[in-house]
Amino acid sequence: MSEKQKFQAIKGTRDLLPPETALWNHVEHTAHAVFSTFGFGEIRLPIFEPTELFARAVGGETDIVSKEMYSFPDPFDLGELYARFRSLESISPGAGHFASIAGLSPDNQMISLRPEATASVCRAYIQHGMHSLPQPVKLYYTGPMFRRERPQKGRYRQFYQIGAEVLGGTDAPAIDAEVIEMVMTFFARLGLAGVKLDINSIGCRECRPEYVKLLKAELSKPEIKEKLGADSQRRIETNPLRVLDSKLESEQPIIEKLPRIAEHLCAACAAHYASVKHNLVLRNVAYHENWRLVRGLDYYMRTTFEITAPGLGSQNAVCGGGRYDGLIEILGGLPTKGIGFAIGEDRLILSLQEAGKAPAPRRLDVYVAWMGEKAYDTAVRAARALRGAGFAVELPATAQKFGKALGHADKLGARYALILGEDEVASGQWTLKTLSDGSQSKFTEPELLAHLKL
RNA sequence: GUGGGCGUAGCUCAGCUGGUAGAGCGCCGGUCUGUGGCACCGGAUGUCGCGGGUUCAAUCCCCGUCGCCCACCCCA
């Protein structure tokens, strides 16, 4: 970086600028509108939580927790000692590092920027005794998540998710189907084209371990294992289900012949899955069964789903979700049913943009072209009145040549220029020019407001 | 963590086998202190990402480094 441009956004973070932000707002407003019609209320959550919360929910040995979270000792809890070392940093480089080491003592809490929000929602459900509300509790959220990994298309270190969770009450398949219906409705409302819904059931605590054991045994057979790539060979031990996810062309024929979980579900899970599908048909939701769709984390069970959209590159999932009936209990709550999803907002926006869904251009109604210091007071008054009536108004801060002013109005895309010079101030007859055709006419202030409101 | 591609003006890019930089767009100003879009004229911003090497001479070749992008890994 040159001396001139010293600072830039940290790797994997980015600025969202107008007019693109208009599209973000549109997406979020649409989410609010659609989710409300399904009876969901918004929850706003902290963006940092105790590291332990994520370690428990997501799993301490996962890459997410062990490598990809932004974690640090809470400077507040570290108190005087930490603060003192930090303050020494400028005169004694390394002091801060020492403080960090000191901060790892059991007395001090580690905190993390949230890598996802499901754990926080569950924590809030427990903390606020939501089990005593009418069940189930239906919540949605939007906001930034943080994950320390190599950025690529549609993947950032600070990324945004729109998610929803249904907690408590029944695990009836109707709920799974309705949650999926809600996402699909949301995407349809946005005009997102080419979406594909994949669903699967990954069984429960009873039947999944049996299947995993079977799968692992199969994968471990020498004649199969030797045909797999290094990554998949490693997964046989670490997470055999993920072998099914492999994108390697050479592995596809092998994977096709592996045992499928749908054929090894217990009776209860099989019935649940069948009913989810039936309920999707009832709701007119088109789905593809994808027996290879798995979730990486242990707490997921039964229904899993994923929605892909075009234009996203390698990371083409725009929404992922599933049932996690055990999670609240893991976090110290009562046994509680749960299902939810998270939408990758960055990817959703990207897909909308690729499809040419341009953001609504900034609307500017009136450019106040005032001339001469004598007209300034009137210009301010006009701008206040117009804005008060809800119009978007640009009031130049400094005097400029008249031709310049109109040129500026044109570049800003204003619909009208309100021309205020000595004549107008003297007569009280303001000149309104329509930029598109160049026509203009005179109005008093009240007439002008009435005219523009038409 | 691994691999590949790319770094030249605010943006998109050109720059031949090495001779210390250009275009378009945009921005600002002028022609034009009461009439915009058009046209014409002018202007500014670059240590050609940074450091080193080879060379009489490096934007160009070599090495390193940083940054960005894409993919792998992983995936909430």
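Just the heavy atoms: all of them, side chains too, but no hydrogens, waters or symmetry mates, feed the values below.
Taking 4.0 angstrom as the limit, Q152(A) places a side-chain polar atom (N or O) nearer than this to OP1 or OP2 of A71(B). The side chain of K433(A) places no N or O atom within less than 4.0 Å of a non-bridging phosphate oxygen (OP1 or OP2) of G37(B). Side-chain nitrogen and oxygen atoms of R242(A) include none within less than 4.0 Å of the OP1 or OP2 phosphate oxygen of C74(B). A sub-4.0 Å separation between OP1 or OP2 of C70(B) and a side-chain N or O of S314(A) is absent. Side-chain N/O atoms of K404(A) include none lying less than 4.0 angstrom from OP1 or OP2 on C27(B). Between R235(A) and the phosphate of C73(B), there is a side-chain N or O to OP1/OP2 separation shorter than 4.0 Å.
Q440(A) contributes a side-chain N or O that forms a donor-acceptor pair with the base of U35(B) under 3.5 Å. Evaluation of atom-type donor-acceptor distances gives a pair under 3.5 Å for the side chain of R147(A) against the base of A76(B). Taking 3.5 Å as the limit, the base of C75(B) and the side chain of R155(A) contain a donor-acceptor pair of atoms between them.
For the C1' atoms, the distance from G46(B) to C11(B) is 14 Å, rounded to whole Å. Comparing C25(B) with C41(B), their P atoms are spaced 12 Å from each other, to the whole Å.
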- Any chance you could lay out the side chain to side chain contact (heavy atoms under 4.5 Å, CB included) test for I175(A) and K337(A), step after step, and finish with the verdict? CA-CA 11 Å; I175(A) 294 192; K337(A) 309 296 184 187; over 6 Å; no
Sequence neighbours excluded and cut-off under 3.5 Å, please list the side-chain donor-acceptor pairs for residues 301-310 of chain A, or say none.
| from | atom 1 | to | atom 2 | distance (Å) |
| --- | --- | --- | --- | --- |
| R302(A) | NH1 | D171(A) | OD2 | 3.4 |
| T303(A) | OG1 | D176(A) | OD2 | 2.7 |
| E306(A) | OE1 | R295(A) | NH2 | 3.0 |

- State the dot-bracket string of RNA chain B. Criteria: Watson-Crick or G-U wobble, both atom distances under 3.5 angstrom; notation: ( ) intrastrand, [ ] crossing earlier pairs, | interstrand, . unpaired. (((((((..((((.....[..)))).(((((.......))))).....(((((..]....))))))))))))....
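Comparing L312(A) and D423(A), the nucleotide of RNA chain B nearest to each residue sits closer to the 5' end for D423(A).
The stretch residues 200-209 of chain A participates, sequence neighbours left out, in no side-chain hydrogen bond (donor to acceptor under 3.5 Å, both in side chains) pair at all.
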